[in-house]
Protein chains: 2
Amino acid sequence: MYKISKQREWIYTYMLEHPGQHFSAEDIFAGLNEMGKTVSLATVYRNLKILQNEHRIGSLMLTSGKQVFDQTCRPHDHLICTHCHRVYDVDMTYDRSLERKAENQLQLPIESHSLILYGICADCLKER
Amino acid sequence: MYKISKQREWIYTYMLEHPGQHFSAEDIFAGLNEMGKTVSLATVYRNLKILQNEHRIGSLMLTSGKQVFDQTCRPHDHLICTHCHRVYDVDMTYDRSLERKAENQLQLPIESHSLILYGICADCLKER
DNA sequence: CCTTATCTAAGAACTATTCTTAGTTTAACC
DNA sequence: GGTTAAACTAAGAATAGTTCTTAGATAAGG
């Protein structure tokens with residue numbers, strides 16, 4: 001189905017080399033181009049979509065309507081700092097039972113969920 | 001600060017008259033115009049933003065990047081049907097302690113959160 | 001009333017994302 | 001290892017959703 005392409009591997013490698021970060025397509029486009037790896041923005045978008053289809057990466061829609069991409073598609077939650085607006089991955093242990101609890105309460109089959117916490121991140125907290 | 005405007009009250013009333021629904025700006029624009037209440041799309045967008053600032057309505061960003069508006073800004077959760085894609089308001093009782101649990105686990109101040117459940121709604125379940 | 005800030009419509013502009021096209025690269029198969 | 005076909009790329013046009021600009025209309029306070 002999909003063939004290996006130089007550009008797609010650049011994109012994926014770029015993401016893995018920046019652990020913990022969340023990237024817009026534009027971020028990756030700029031980052032690769034700065035490294036001399038010229039790639040067009042449409043190619044970045046197309047390949048991010050392919051990487052998602054292949055379950056190699058995940059994505060998150062911010063309240064601003066901008067999409068950011070995540071190095072993993074393993075289910076996890078997010079913390080968004082209300083001060084610096086950075087996005088962090090978090091693993092809320094209690095969260096694992098959330099879907100079963102929702103099923104019991106709503107009496108409907110629940111397949112997945114998305115949880116975003118808004119608060120102050122450790123870095124911003126230190127700066128006060 | 002804000003003056004009362006005919007158009008803004010049309011928009012707000014339109015939303016209240018369709019309880020349980022979630023509207024895009026385009027939905028409201030089309031709905032009002034069908035009723036003979038002509039209003040421009042930019043006015044709908046501007047007033048939805050004002051209604052949000054006034055805390056009269058809420059909003060939700062879908063994974064598609066489209067924004068929908070909610071009759072209430074009272075904190076609550078959402079269920080999105082993976083079959084018909086309708087958006088429902090849900091009130092998960094367990095959810096009230098979620099922010100305190102997150103604070104304990106992350107050791108950071110949490111101000112709010114957004115929880116979206118994905119599953120099959122009652123209507124779609126019936127149709128099988 | 002009169003003033004003035006806020007409001008509207010209409011359409012231009014903007015931003016993020018996707019599509020189109022023509023030519024290139026990858027890999028499957030002989 | 002060469003051929004072929006499918007998947008790929010860059011570049012820019014196109015689309016969709018939302019916001020801005022402008023000139024004129026409308027509320028609300030004095």
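Each chain gets a letter, A, B and so on, in the order the sequences are listed, and its residues count up from 1. The shown structure was predicted, so the numbers you read here are calculated from the model rather than taken from an experiment.
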ask   = Given the rule that I, L, V, M, F, W and Y join up when any side-chain heavy atoms are under 4.5 Å apart, are Tyr118(B) and Leu115(B) in one cluster?
value = no
request  = Without swapping roles, check the side chain of Asn53(B) against the backbone of Ile50(B) for a donor-acceptor pair under 3.5 Å.
outcome  = no
note = Double-helix bend of the helix from dC1(C)-dG30(D) to dC30(C)-dG1(D), axes at both ends from 5 pairs, round to 10°, gives 40°
message = Donor-acceptor pair, distance only, cut-off 3.5 Å: does the side chain of His18(A) make one with the backbone of Leu16(A)?
response = no
request  = Grab the CD1-P distance between Ile28(A) and dA16(C) for me, whole Å please.
outcome  = 15 Å
Could you go through residues 30-38 of chain A and list every donor-acceptor pair under 3.5 Å that involves a side-chain atom there, pairing it with any protein atom two or more places apart or in another chain?
| residue | atom | partner | partner atom | Å |
| --- | --- | --- | --- | --- |
| Asn33(A) | OD1 | Val39(A) | N | 3.3 |
| Asn33(A) | ND2 | Phe29(A) | O | 2.9 |

request  = Please determine if Arg56(A) and Glu9(A) form a salt bridge, counting it only when a charged side-chain N lies under 4.0 Å from a carboxylate O.
outcome  = yes
ask   = Expressed in angstrom and rounded to an integer, what is the separation of Phe69(A) atom CZ from dA16(C) atom C1'?
value = 11 Å
Reading 5' to 3' through nucleotides 15-30 of chain D, protein heavy-atom contacts under 4.0 Å coded B for base, S for sugar-phosphate only, - for none = --SBBB------BS--
Partners passing side-chain hydrogen bond (donor to acceptor under 3.5 Å, both in side chains) against Thr63(A) (at least two apart in sequence or in another chain) = none
query = Does Phe69(A) belong to the same Ile/Leu/Val/Met/Phe/Trp/Tyr cluster as Leu62(B), with side-chain heavy atoms less than 4.5 Å apart forming each link?
reply = no
message = Whole angstroms only, please: what is the CG-C1' distance between Leu51(B) and dT6(C)?
response = 15 Å
note = Sorted by number, residues from residues 7-16 of chain B placing a heavy atom under 4.0 Å from DNA chain C are Gln7(B), Arg8(B)
key: Backbone N/O of Gly58(A) and side chain of Arg74(A): donor-acceptor pair under 3.5 Å   = no
query = Do the side chain of Gln67(A) and the main chain of Gly65(B) share a donor and acceptor less than 3.5 angstrom apart?
reply = no
message = On the nucleotide dC7(C), are OP1 or OP2 found under 4.0 Å from the side-chain N or O atoms that Asn47(B) carries?
response = no
task = Would you mind reading off the distance between Phe29(A) atom CZ and dT9(D) atom P, rounded to a whole angstrom?
result = 14 Å
task = Please name all residues satisfying side-chain hydrogen bond (donor to acceptor under 3.5 Å, both in side chains) with Gln52(B), sequence neighbours left out, ordered by chain then number.
result = Ser59(B)
message = Check for me, please, whether Ile57(B) and Leu60(B) land in the same ILVMFWY cluster - side-chain distances under 4.5 Å, paths through other members count.
response = no
Atom-to-atom span, CE of Met1(A) to C1' of dA27(C) - whole angstrom = 15 Å
